Every structure is written in structure tokens, then in C-alpha cells.
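Beneath this line is the structure, given in C-alpha cells, with notes to follow.
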There are 4 protein chains.
Amino acid sequence: MPESRGYPRRRSSAKHEAIIESAIELADVEGYALTTIEKVAAHAGVGKATIYRWWKSRAELYTEVYQELVPLEELGRNTGNPRKDLTDLLKAVFRHYRQTPAGKILAGLISDSQLQASARDALKNNLVAGRKPLLLDILETARRDGSLEQGADTILIADALTGLIWRYLLVEPDSLKDDMAERMVAALVFRGTP
Amino acid sequence: MPESRGYPRRRSSAKHEAIIESAIELADVEGYALTTIEKVAAHAGVGKATIYRWWKSRAELYTEVYQELVPLEELGRNTGNPRKDLTDLLKAVFRHYRQTPAGKILAGLISDSQLQASARDALKNNLVAGRKPLLLDILETARRDGSLEQGADTILIADALTGLIWRYLLVEPDSLKDDMAERMVAALVFRGTP
Amino acid sequence: MPESRGYPRRRSSAKHEAIIESAIELADVEGYALTTIEKVAAHAGVGKATIYRWWKSRAELYTEVYQELVPLEELGRNTGNPRKDLTDLLKAVFRHYRQTPAGKILAGLISDSQLQASARDALKNNLVAGRKPLLLDILETARRDGSLEQGADTILIADALTGLIWRYLLVEPDSLKDDMAERMVAALVFRGTP
Amino acid sequence: MPESRGYPRRRSSAKHEAIIESAIELADVEGYALTTIEKVAAHAGVGKATIYRWWKSRAELYTEVYQELVPLEELGRNTGNPRKDLTDLLKAVFRHYRQTPAGKILAGLISDSQLQASARDALKNNLVAGRKPLLLDILETARRDGSLEQGADTILIADALTGLIWRYLLVEPDSLKDDMAERMVAALVFRGTP
DNA sequence: TGGTAATCGAGACGGTACGTCCCGTCTTAAG
DNA sequence: CTTAAGACGGGACGTACCGTCTCGATTACCA
């Protein structure tokens with residue numbers, strides 16, 4: 001109904017983009033915790049109701065922001081070398097965390113997920129469910145080509161990589177650097193130096 | 001007895017216990033997110049100020065609660081069999097998460113840690129710093145007795161175990177069962193079925 | 001209608017009235033001292049913030065209440081007989097003090113004025129500054145028509161009348177009856193029985 | 001009981017005096033409104049309970065302080081010239097208000113008197129009842145010697161002087177200077193320049 | 001092109017909890 | 001046995017956002 005006629009196509013709306021950009025900037029400058037819907041609305045020159053019209057909660061808004069800041073397409077590349085692919089993927093993620101507020105935002109989303117059921121769903125169904133296959137694909141390729149043993153618990157390994165990233169993001173966010181990507185791959189997946 | 005630091009500052013251990021117990025019960029019944037300082041005070045029959053007198057924040061209070069619910073002493077046992085010790089430790093932790101609100105509380109503390117700097121410190125300096133050695137000790141023993149290769153990155157493996165637990169606690173808390181302990185140990189540490 | 005100052009700031013006149021009425025009732029029933037903003041809000045079915053949005057303090061709210069309970073227009077009437085006008089004015093004021101909580105409220109405002117600078121200003125700039133001219137006008141008329149001597153210090157006489165009312169209001173509120181009005185006029189202004 | 005033996009005679013107690021002096025100093029420096037029992041106790045190096053043992057409330061404590069700062073004996077002097085005696089009395093009072101925190105304290109006591117019944121009693125029974133005779137005596141002398149007409153309402157005139165002082169103390173404390181004493185006497189009592 | 005309905009910004013609103021302050025009473029340990 | 005120090009329950013403070021709502025002003029479509 002809001003899409004059809006009364007209001008222009010949503011994704012192209014200037015308002016919509018102003019909100020997203022304000023959300024990014026405020027998360028960057030003030031941090032996720034201090035970024036309230038109220039402030040985003042004021043910063044974007046938009047009524048609060050306009051935000052609530054499109055997103056049920058701060059978590060939902062920032063889930064979309066995260067997807068925009070760390071787009072799936074920029075992470076995966078299948079070169080046939082799983083170890084390299086995986087390491088590159090992690091490095092790309094960490095780079096986004098350094099260059100954008102995406103890291104803070106993910107940490108904030110994890111925090112929000114414990115405060116509201118809807119936020120937990122947003123995290124689980126979008127970010128987790130949407131990105132886990134990326135890791136699994138690489139790990140499966142590795143198992144198929146023999147660089148990972150047949151019986152490897154790829155799901156758990158994938159979750160462990162995510163868990164490690166979250167853990168560092170939550171308490172030691174500065175540790176997510178390139179060499180950490182190498183260490184993670186070496187310790188959790190392929191065991192040993194390349 | 002614990003409150004005799006010097007002369008002037010005393011505290012009623014009865015109140016102290018009433019507060020801790022109320023905190024546990026409310027976290028259990030209502031969940032961490034809905035448990036406000038105000039409710040804990042009311043439930044314990046105590047003024048809010050009495051809580052703020054002894055704990056700077058909800059996070060600090062619940063850090064103490066967590067330590068009480070999952071005491072270090074009940075987790076570690078050195079039997080000379082690192083694989084068994086590690087699996088048992090994880091099982092013991094998961095059991096506490098099933099039988100007490102400790103799991104919810106840890107998830108809540110992680111959430112709080114993103115909202116206030118002091119909460120992050122409480123988490124980092126008490127829970128993380130206090131419990132990591134338990135894992136590291138076992139892993140080092142394993143490396144010494146050869147069940148883990150010489151070059152193993154024990155720190156990262158320990159953090160990965162923690163990260164995995166956190167990840168599940170945060171988005172799939174029901175998955176932390178005994179067999180998950182086995183899978184974790186097999187996938188991240190000793191590689192393969194026992 | 002009164003709330004259309006520009007476009008953005010509107011206010012619900014229904015709420016506004018509910019607050020004023022609650023304030024009057026509570027002052028009447030519980031007394032000014034026990035009437036907290038919190039109680040007024042609860043009684044009016046309004047959030048505390050709504051009160052603080054429109055009045056900076058309890059004193060400011062009750063200054064408005066006082067003006068409503070003892071409206072200037074009901075006090076002054078120029079009949080050409082200053083002695084009668086003055087006596088009538090005092091009687092009218094005392095009647096309001098008997099029939100409404102206005103007396104208690106003025107005493108409370110005087111009390112508040114010693115607790116907060118803003119309350120002192122509210123009292124001084126609104127009630128005092130707004131009502132003193134009423135007395136002065138009558139006294140000046142009296143001086144002009146000779147019923148008061150040329151050199152009379154009308155300002156001081158006006159302030160003495162106010163001071164006397166305040167003094168009785170503060171420590172012997174029941175003494176403010178009709179005959180007291182006569183006595184005041186006789187003793188402070190026109191000297192002697194009519 | 002506290003006088004007889006267990007504790008040394010009250011008026012000479014060092015503690016007692018430390019409390020009074022702290023009360024004076026704090027009223028002077030911070031103002032009456034900000035001077036809490038808590039602060040007086042801390043400043044005097046005394047437990048709060050010690051203060052409550054001797055005075056039921058802040059108002060009762062400060063009633064004693066006021067009596068000490070503006071002792072009756074320093075005000076009255078019967079020289080046989082009522083007009084001069086009265087003017088001198090007012091000047092002496094105003095001087096105390098300028099040189100000590102007595103003025104602030106009286107204003108504070110008036111304020112407190114609207115907050116607690118016991119404070120109203122303290123004000124009424126001690127300060128008002130104790131000092132009114134001073135004025136009345138002078139006014140009666142004046143009436144007897146003919147400088148005030150026979151029918152003068154001396155009670156009301158006395159109360160008007162008090163009321164005027166209170167009124168200025170409460171909203172324009174700086175106006176209480178020597179010439180104001182002259183004006184008051186001329187306007188309210190003896191009518192006309194000396 | 002003027003009328004009209006949808007949509008918007010601004011922010012008022014009830015509500016909840018925050019963390020602080022001080023009250024007047026009570027408890028503890030030192031002297 | 002009295003005292004200081006201050007812990008205690010209680011109540012109100014004034015503030016911040018929440019998510020919903022109301023109001024005119026603005027817009028954009030249609031007749």
C-alpha cells in the first residue's frame with residue numbers, strides 16, 4: 001500500500017536514504033548505544049513516525065544498515081583455494097569493521113538482541129542465516145578437495161569462526177586485524193601454518 | 001565478615017544476600033532484560049540506594065551473581081586427561097546454564113557491556129579474565145602431553161570455545177547440551193571422535 | 001487557542017486543564033507541602049514530563065494556579081471611595097482564601113521561593129509585581145482626594161498591607177476574616193474608625 | 001535526663017557548640033536551603049543522631065541559632081523616646097541581618113514552617129511570641145505618652161512591622177537598610193517625618 | 001489549475017526506569 | 001555506655017527515550 005502509489009518506490013526514496021545515512025553517521029560518531037531513534041530522526045530531518053513506519057525497531061533499521069555496509073557480494077569469491085578464500089573473507093570483514101561503523105553496529109545488534117525478541121529474530125534470520133552459508137560453502141569446498149578431513153564438523157567450525165569474531169568484537173574490538181584472520185584460519189580450520 | 005574493610009564501611013550481609021537472591025530469582029522469572037534495579041530493590045525489600053551503594057550498575061551486580069551461580073571451583077578438575085577434563089568443564093557450564101539463570105545472565109551481561117563502558121570492564125576483567133585460565137590450563141596440559149600439537153594456538157582455541165558458547169547463548173541458547181560439549185571439543189581442539 | 005504560538009509547539013488544553021485542576025484539588029486536600037509533581041501527574045492521568053514540559057517547577061505551576069484562583073479582575077473596582085475599595089479588596093482576597101486553597105498555595109509559594117531561585121522570581125515577578133499596582137492605585141487615589149495625607153509613603157503602606165497578609169497567612173491563617181480587613185485599613189491606612 | 005549526668009550540661013557542651021557554629025557557617029556560606037542536617041553533622045564532626053537527639057528538626061536547631069545570632073538583649077533599650085527606641089530596634093535587627101546569616105535563617109525558618117507542623121510551632125512559639133512583646137512595649141509606651149493616639153491598634157501595628165520585615169526579607173532582602181527603618185516607623189507608626 | 005487527500009515534520013503524550021538526594025531511624029564498632 | 005560514622009527504607013526529584021498520537025503544512029495527484 002505505501003509502495004504502490006501514494007508514496008514513491010521505497011528503496012529510491014530520498015527520505016529512506018537520509019535515514020540510513022544518518023544512522024551510519026551517528027553510529028560512527030556517537031556509538032551505537034547512544035544512537036536513539038529520536039536522534040536519527042532529528043538528524044535526518046524526519047519525523048520519528050517515518051522511521052517506525054519502515055522499521056519496527058532500531059535493531060531492524062541497523063540490520064539493514066549492516067547489510068549495506070558489509071554487502072555479501074564484497075565478501076565471497078571462489079578462487080578454488082579455500083584457505084585463501086576464507087582468509088580473504090575474514091580480512092575483508094575486518095577491513096569493513098575498521099573503515100565503517102559496521103563492527104560497532106554488529107556489537108550493538110547483538111546487544112539489542114538480548115533486549116527484544118524482535119531484535120533477536122532480526123539478527124538470527126538476517127545476519128546469521130544470511131552469512132553462515134558463505135563460510136559453509138568454503139568449508140565444504142575444502143572438505144571436498146581434501147584440505148579438510150572428511151569428518152570435519154563444518155557447521156561447528158563455521159559457528160566457531162563467527163563466535164570468535166563476535167567475542168573479539170564485543171570485548172576487544174581492536175584485535176580484529178589481518179594477522180588475526182590468518183591465526184583464526186590456522187587455529188580453527190586448517191591447523192598449522194600455510 | 002566480608003564487610004569489615006576498615007571500620008566505617010559496614011554492610012548488612014542479610015541485605016546483601018537478599019539482593020543477590022532477588023536478582024537471581026528475577027532474572028530467572030522475568031529475564032535479564034526486564035530485571036531493573038528498581039524491581040530488584042522492591043523484591044528484596046530494600047531501597048534502591050542500598051543497591052547503588054554497593055554496586056555501580058546492574059552489570060556489576062550480576063557479575064557477582066554469575067560468579068556465585070557458576071563458581072570457578074565447580075568447574076575445574078585436573079584428572080590428567082585433558083580431553084575429558086575439557087569436555088567435563090563444558091558440560092558443567094552448560095548444566096549450570098540449564099539449572100540456573102546463569103546463561104541468561106551472561107547473555108545479559110554481554111548485552112550490557114555494549115551499553116556502558118563500566119559494564120564492559122566488569123565483563124572483561126572479571127568473567128573473561130577470571131575464567132580464561134581454566135581453559136588455557138587444560139589446553140597447555142594437552143600440549144605438554146602431546147594430545148595437542150606443539151604449535152597449537154592455545155589462546156585462540158580457548159577464545160574460540162568461549163566465542164562459540166557466547167554465540168550459541170546469544171542466539172540459540174537451547175543448543176548448549178552435553179553432546180554439544182563433545183562436538184565442540186572434537187571440532188575445535190582434539191579433532192575427531194575420542 | 002491559547003496554544004498556537006507559532007506552529008510547532010502545541011499543547012493539549014485538555015491536559016493543561018486537568019493538571020491545573022488536579023493541582024488545585026491536591027493542594028486543597030493534602031496541602032501544598034505534600035503535593036508533589038509526581039502526585040499531580042498521577043492524579044491528572046498525565047506523565048510527569050508533560051508537567052515539566054510546560055512549567056519549570058512546582059512554583060511556576062502554582063503561580064499560574066494562584067492567578068486562576070484569585071483573578072485580578074475579581075479584586076479591583078474603582079467606586080471613587082478609596083477606603084471602601086481597599087476594604088472590599090482585602091475582603092475579596094480573604095474570601096478567596098477561605099473558599100479555595102489559594103491561601104495555602106500562596107504560603108507554599110512563599111516557602112518555595114526560599115528553596116529555589118526560580119521560585120523566588122516567579123513569586124516576585126508575577127504575584128508581587130502583578131498585584132501591587134492594585135493597592136497602589138487605590139492609595140494614590142486616596143492621596144489625590146485628600147483622604148490620605150500628601151506625604152504618605154504609599155509604597156510602604158502597600159507593602160505593609162501585603163506583609164501583614166503574608167504574616168498572618170504564614171503563621172495564623174485563620175485570622176484573615178472580614179473584620180481583619182477593616183482593622184488593617186483602619187490601622188495602616190486611614191487611621192481610625194470610618 | 002540528658003542534662004543530669006549521662007551527658008554534661010548541655011549548653012556548655014563542646015559538641016553542642018560545634019553544631020551551632022557549623023549551622024551558622026553553613027547557612028552563611030551555602031545558604032539555608034542547601035544546608036541539610038547531614039551537612040551540619042559532617043561539618044561539626046558529629047553523628048546525625050546526635051543532632052536529632054537535641055533538636056527535632058532543622059527548624060528547631062535554627063530557631064536556637066537565630067536566638068543566638070539576634071539576642072533579645074541587644075535589641076531593646078528603653079530610653080523614654082519611643083520613636084527613637086523603635087527606629088533603633090529596627091536598625092539593630094537589620095544590622096544583624098547584614099552582618100550574620102540571621103536574615104537568611106529567618107527566611108528559611110518561615111519557609112520550613114510551611115513544610116512541617118513542628119517548624120510552624122517553633123517559629124510561632126519562639127520567634128514570634130518571644131519578640132512581639134518588644135515591639136508592643138514600645139508602642140504601648142508611645143500610646144501612654146501620647147505620641148501614638150489612644151485608639152491605635154498596637155497589635156496590628158506591631159504585626160505590620162513584622163510583616164513588612166518578613167516581606168522584604170523574603171523577596172527583597174537587600175532593601176533592609178537603615179533608612180528603611182526610618183521609613184517604616186514614619187509610615188506605619190508615627191506618621192510623618194520626625 | 002484548483003481542490004483534495006495522502007503524507008509528512010515536529011513533537012506532545014503516558015509511561016517506565018534511571019541514578020541521586022536527603023529524610024529520620026537504626027546498627028555497629030571504637031573509645 | 002556513649003559516640004561517629006554511616007547503612008538503611010523510603011519517597012521524590014528531574015531526565016531520557018520509548019512507541020503512539022495529533023496537528024497543521026506540504027505535496028502530488030486528479031478532475
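Chain identifiers are assigned alphabetically (A, B, ...) following the order of the sequence lines, protein sequences preceding nucleic acid strands; residue numbering begins at 1 within each chain. Remember, predicted model here, so these are calculated numbers, not experimental data.
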Angle between ring planes, W55(B) versus H16(B), binned at 30° and 60°: parallel, tilted or perpendicular? parallel

Does a nitrogen or oxygen in the side chain of [X] sit under 4.0 Å from OP1 or OP2 of [N]?
X      : N      : answer
K15(D) : dA4(F) : yes
W54(A) : dC8(E) : no
T50(D) : dT3(F) : no

Tell me the interatomic distance from [X], atom [atom1], to [N], atom [atom2], rounded to whole angstroms.
X       : N       : atom1 : atom2 : answer
D112(C) : dC13(F) : CG    : P     : 11 Å
R53(A)  : dA6(E)  : CZ    : C1'   : 10 Å
I51(A)  : dG9(E)  : CD1   : P     : 9 Å
R58(A)  : dC18(F) : CZ    : P     : 7 Å
Y52(D)  : dC8(F)  : OH    : P     : 18 Å
W55(C)  : dA12(E) : CH2   : P     : 13 Å
L61(D)  : dC22(E) : CG    : P     : 16 Å

Polar atom pairs between nucleotides 15-17 of chain E and protein, under 3.5 Å, N or O only, would you list them?
none

Residues from residues 113-124 of chain C lying under 4.0 Å of DNA chain E - heavy atoms: none

S57(B) or K56(D), whichever maps to the more 5' nucleotide of DNA chain E: S57(B)

Mark yes or no for whether Q114(B), through its side chain, and L170(A), through its backbone, hold a donor-acceptor pair below 3.5 Å. yes

Do any N or O atoms from the side chain of T63(C) and from the backbone of A59(C) form a donor-acceptor pair under 3.5 angstrom? yes

Show which side-chain atoms of residues 34-47 of chain A pair as donor or acceptor with protein atoms under 3.5 Å away, not counting sequence neighbours.
unit_1, atom_1, unit_2, atom_2, d
T35(A), OG1, L26(A), O, 3.4
T35(A), OG1, G31(A), O, 2.7
T36(A), OG1, K39(A), N, 3.1
E38(A), OE2, K48(A), NZ, 2.7
K39(A), NZ, L34(A), O, 2.8
H43(A), ND1, S22(A), OG, 2.9

